[in-house]
Amino acid sequence: MSTEIRGLNEECGIFGIWNHPSAAHITYYGLHSLQHRGQEGAGIVSTDGVTLKGHRNLGLLADVFKHGELDDLIGKSAIGHVRYATAGGKSLSNVQPFLFHFHNSSLALAHNGNLINAQTLRQELEAEGAIFQTSSDTEVLAHLLKRSQTGSFVEDLKVALNKVKGGFAYMLLTENELIAALDPNGFRPLSIGKIGGSYVIASETCAFDTVGAEFVRDVEPGELIIINDDGLHIEKFTEDVKHSICSMEYVYFARPDSNIAGINVHSARKRMGKRLAQEAFVEADVVTGVPDSSISAAIGYAEETGIPYELGLIKNRYVARTFIEPSQELREQGVKMKLSAVRGVVEGKRVVMIDDSIVRGTTSRRIVQLLREAGAAEVHVRIASPPLAFPCFYGIDIQTRSELIAANYSVDEICRIIGADSLTYLSEDGLVEAVGKPYPDEPYGGLCMAYFNGDYPTELFDYEKEYLASLEAESR
């Protein structure tokens, strides 16, 4: 994927359902509402209680299942996955759910997140004779699971889960159980819902609205959710837990109609915009947000300042992704095709452009240029999160500081690079307060703020040496 024009990408979305006559179809609709979490591949595995059967492929969900493949996935239970690659390459072998067949059973496995000790575990497993079929860190759990010999599948899984480190929301399907597990920090959202007598689990609550499910509860860090014909059972695989919800879920990744830890994402983003207005007011004629994730913050900024909110930028939803273009010139043309500035709104006006984050700066520079080409007299950029200056190792595809413009330039320098008249970011405290501190007694109200301040809530394991070396090199 090109590093010239792209934003942040979250790894995946997962969905599962137990005890529904149209399990695969319900899973399809649930995954469709999670498509924003991954567009590179999709898959579904179902079970009729005897056999597990799956279909997966590269591409968007609708393309993967456009030839009637859903009708072959019979059974009352299913899990599904939409993928964006962070660990492992973009190939069919890495598209999930993975389906493993053993001599007396089968297992389907889907994962959202990133393991920070996967490389070490993989080397240890290979030294013991394991043969990996993919380059994905997800496969590590299956090997660990089969090597634990407690005599109980659930106990084997607990042993395996205590060996993997990092960010993970797992979903497993066997002939007679659907199991979900969330890492001890709860980096990724995961929730339980119910449709009549059927239980569903999804990465975001927006999937429940799509399939007509009622929200039951969030999965808590360190929990193991076991669903079978006897109902829903909750166990712990560890008591050593600390809430560290990825703050970028609220800022950027999650859909605005989702709730995370009881907090509505749209409402949180709107509060970010209001707080940004308090911290960084500027005289202007119109406020506009970069579609789609910044619109809520832009509305909040406009309400707080009294400056009219206008659709100064329009998104074209029928354009291929820009990273596939073979040259910088064509990639920049792709951005212009994706976004259009509305001349009738911005011409001759002082514009406040609200965005959720600046990653590399190239896209921001292009959008500022679009507004100027449409006649904007001034363009003031306001970012509804702090400067993104540190890599994420828990499931976002930014793992070096060299990729991040805020790690290498001051705010004033970034302002000049993107061609804005002024640039201000939301403060760290402002973000924490705007989200609403879902867990007020824990650091940062239960959020992971490492991307902004480098305060990682876990050891970095495989990444530690490389990360510290990069920091030392920058300090020279």
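Residues: numbered from 1 along the sequence shown.
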Original post:
Looking at Phe132, is Arg122 sitting on its ring face, NZ or CZ under 6.0 Å from the six-membered ring centre and within 45 degrees of the normal?
Top reply: yes

Original post:
Would you say Ile263 has more than 12 foreign heavy atoms packed within less than 6.0 Å of its CD1?
Top reply: yes

Subject >> For the student: nearest non-hydrogen atoms of Lys146 and Phe102, plus distance >> reply: CD-CZ, 3.7 Å

**OP:** Can you label the angle between the Phe98 ring and the Phe100 ring as parallel, tilted or perpendicular, going by 30° and 60°?
**Re:** perpendicular

**OP:** Please determine which of Glu235, His233, Glu220, Arg217 meets the side chain to side chain contact (heavy atoms under 4.5 Å, CB included) test together with Ile225.
**Re:** Arg217

**OP:** State, to 0.1 Å, how close Val251 and Ser385 come at their nearest heavy-atom pair, and which atoms those are.
**Re:** CG1-CB, 4.0 Å

**OP:** Answer yes or no: is there an ion pair linking Arg188 with Glu249, defined by an N-O contact shorter than 4.0 Å?
**Re:** yes

Original post:
Between CD1 of Ile44 and CG of Asp72, what distance do you get to the nearest 0.5 Å?
Top reply: 12.0 Å

**OP:** Indicate whether the side chain of Asp183 and that of Tyr394 have a donor and an acceptor atom separated by less than 3.5 Å.
**Re:** no

Original post:
Do you know which two heavy atoms are closest between Thr47 and Glu175, and how far apart they sit?
Top reply: OG1-CA, 3.7 Å

Original post:
If you count the non-hydrogen atoms of other residues, nucleotides and ligands that lie under 6.0 Å from NZ in Lys163, is the total more than 12?
Top reply: no

Original post:
What pair of heavy atoms forms the shortest contact from Arg37 to Glu204, and how long is it?
Top reply: NH1-OE2, 2.7 Å

Original post:
Using 4.0 Å as the upper bound for N to carboxylate O, is an ion pair formed by Lys76 and Asp229?
Top reply: yes

Subject >> Residue Tyr29 excluded, over 12 heavy atoms near OH under 6.0 Å >> reply: no

Original post:
For the residue pair Ala261 and Ile245, what are the closest heavy atoms and their distance?
Top reply: CB-CD1, 3.8 Å

**OP:** Assess whether atom NE2 of His143 is packed by more than 12 heavy atoms of other residues, nucleotides or ligands within 6.0 Å.
**Re:** yes

Original post:
Do Leu190 and Asn112 touch side chain to side chain, with heavy atoms closer than 4.5 Å?
Top reply: no

Subject >> Taking every non-hydrogen atom, the tightest pair across Pro391 and Tyr456 >> reply: O-OH, 2.6 Å

Original post:
Should the pair His243 and Tyr439 be assigned to parallel (<30°), tilted (30 to 60°) or perpendicular (>60°) ring geometry?
Top reply: parallel

Subject >> Any side-chain heavy-atom pair of Arg269 and Ser293 under 4.5 Å >> reply: yes

